[in-house]
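Working notes for the structure below.
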Amino acid sequence: MQQKTETKMVLQKEDNFSEWYSEILKRAEILDIRYPVKGVYVWYPYGYKIRNLVYGILRSLLDNEHEEVQFPLFIPKDELMKEKEHIKGFEDEVFWVTKGGSTELDIPLALRPTSETAIYPVFKVWIRSHRDLPLRIYQIVNAFRYETKHTRPLIRLREITSFKEAHTAHVSRADAEEQVKKAVALYKSFFDQLAIPYVITQRPEWDKFPGAVYSIAFDTLMPDGRTMQIGTIHLLGESFARTFDIKYEDKDGSLKFVNQTCYGISERCVASVIAIHGDDHGLVLPPKVAPVQVVIVPIVFSSKEESNNGGTSVEKACVAVYDELKRAGIRAFLDNSEDRPGAKYYRWEMKGVPLRIEIGPRDLKTNSCEFVRRDNPKKMHVPLNEVVLEVKRTLEEIQVSIHEEAKEALRNTIYHTDENIKGAENSEEKMAELRRKAERGIISLFLCDSERCGQELEELLGVSVLGKEVYETEEGERSEGECMICSRKAKRVYVARTY
RNA sequence: GGGGUUGUAGGGUAGCUUGGUCUAUCCUUCGGCGUUCGGGACGCCGAGACCUGAGUUCAAAUCUCAGCAACCCCA
């Protein structure tokens, strides 16, 4: 028996995150990676339920001020090519449809890598007057990018299956910038509900969205010490409006270009939930996005003193609890399967169910049941008549607790330095030290705006520049200093190894 | 972008060098029956695969070429 337990593989998240990640996707039934096309994967029912709960949160946030639409997947070549900067950023990764049946198409059709060039020609038609503004729409669709680097489920895909893109148009730059702030607030709320910690930065000039005035990004830290971009927000200004000739008639009768923004989130947000909260036993889902929030495991044939009808009373108690939870709007599941209890525990732990309730003969004697939280090993006894209340309370506690833990983990890996290391005496040693820090997480340091300095630093440390911190500089921290490379005046930036 | 390795049941392997009685094996794979059931049960019976296509050949899992896919290394 002892040996059996030892041979059961427990996944080591810390040691080999990459292996852990693909193992979890399979065992928790999130994605089937066996589809025979590179970079595209199949959502299992369970994974898709998580996806839908996650995107449900996003939808409810967006629906306040945005309207959902759906634009075509095809973008004609001439439209896609209109915006010079924009296409430069994407042309190497566009999939093309060049044939209909055996007939060569007059104009090749691109599969959208993103939808600016599909949507903005229609904006031109939709927008006539200042009364049409602001215009705020979004869609959740698939998008295609011919990724040449190694693809990774949910993270680097040739088919992004769940691309949420919002596009807005406004009368002025000030209104557009206001929208950027709103989008940042919206994304904060979204990731907070997923219990995902983040840093928000303005991407450096050389790394902004092609065609944007500037780009703001949300990055989170993955368990292997690299950051992953999980959301972006772009101020487009008038550049697309000029290209696609999107004008409105102002109050005074003059024609003006609109000011635009766009912002996107992909299924990377699901990847971050899996990667950040999961542990050696599998997923740990925040209750808000758990397809099953509570699993009830009946312990039926336990003690010998229980006669045949003892089993029946356990079943009755389980069904009663299940019904009550359902009525209270909690996503509960009663695991009546033939497996032994232990096998059920492992299965539902793998699937990340936040709370397990065990009910057996022993519990019934005291009219109670046992609660087992997924996020910590504590067990507790709860009287049967208080189950619904306690479940609600516990789920809320779990939601908060895993969020706090994740935020703490992120904070702990951010390394701050004010020093101009390149100019320092023992700069070689210090650089090596920084490189070690970069293995584990994010570094906050001073760097000027020039691309040359940025790239030199990127090479020296083996990192990417995430950008200047926006909106939330920490208290008591110097926000200005000397650029680590050229010693000119510089702002604080985050750098890290990235996905 | 360049180079290398690999592709056998749901998963993991062996077989390939030297073509033929090549199918086989293991598992937290699947199904049936029975005994079990408070942390991954056990027994018996059964099921399931040679990546795709072309070529060589009397004969291909095995050799050749192409495609598709995966992994690794270098840029």
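None of these values were measured; they are calculated from a predicted model. In the text below, chain A, chain B and the rest are named by the order of the sequence lines, each starting its count at 1.
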Nearest-nucleotide pick for A:I299, side chain only, options being B:G38, B:A70, B:G39: B:G38
Nucleotide of B:G39, B:A41, B:A70 approaching A:R340 most closely (side-chain heavy atoms): B:A41
Given RNA chain B, 5'-ward residue of the pair A:E358 and A:R158, judged by closest heavy atom: A:E358
Atom-pair distance (CD on A:E147; P on B:G1), nearest Å: 12 Å
Near-ring test A:H381/A:F371, centroid separation under 6.0 angstrom: no
Check: A:Y198 ring centre within less than 6.0 Å of A:F218 ring centre: yes
Produce the list of close N/O pairs, under 3.5 Å, pairing protein atoms with atoms of nucleotides 3-11 of chain B; give distances to one decimal.
residue : atom : partner : partner atom : Å
B:G10   : O3'  : A:R34   : NH1          : 2.9
B:G10   : O2'  : A:R34   : NH1          : 3.3

N or O in side chain of A:R362 less than 4.0 angstrom from B:G38 OP1/OP2: no
Rounded distance in Å between the P positions of B:C50 and B:G7: 15 Å
A:K344 side-chain N/O to B:G39 phosphate OP1/OP2 under 4.0 Å: no
Centroid under 5.5 Å and tilt under 30°, A:Y346 to B:G40: yes
Residue whose nearest RNA chain B nucleotide is more 5′ - A:K379 or A:Y41: A:K379
A:E370 vs A:I359, side-chain contact (heavy atoms from CB on, under 4.5 Å): CA-CA, chis, key distance, verdict: CA-CA 6 Å; A:E370 201 161 354; A:I359 303 177; over 6 Å; no
Nearest listed nucleotide, side chain of A:A343, among B:G40, B:A69, B:G39: B:G40
Lys/Arg cation over aromatic A:Y55: A:R51, 6.0 Å, 45° cone: yes
Test side-chain hydrogen bond (donor to acceptor under 3.5 Å, both in side chains) applied to A:E159 and A:N142, step by step: CA-CA 7 Å; A:E159 180 187 6; A:N142 56 356; 2.9 Å; yes
Pi-cation contact, A:Y345 with A:R356 (under 6.0 Å, within 45°): yes
Length of the NE2-C1' vector between A:H150 and B:C74, whole Å: 12 Å
Contact check, side chains of A:V213 and A:H234, non-hydrogen atoms, under 4.5 Å: no
Side-chain N or O of A:R27 closer than 4.0 Å to phosphate OP1/OP2 of B:U28: no
Donor/acceptor link under 3.5 angstrom from A:D363 side chain onto base of B:G38: yes
Residues A:Q229 and A:Y499: side-chain donor-acceptor under 3.5 angstrom: no
side-chain contact (heavy atoms from CB on, under 4.5 Å) assessment of A:W43 paired with A:L154: CA-CA 10 Å; A:W43 285 97; A:L154 301 180; 3.5 Å; yes
Dot-bracket encoding of pairs in RNA chain B, which uses [ ] for pseudoknotted crossings and | for another strand, Watson-Crick or G-U under 3.5 angstrom: (((((((..(((((.....[..))))).(((((((.....)))))))...(((((..]....)))))))))))).
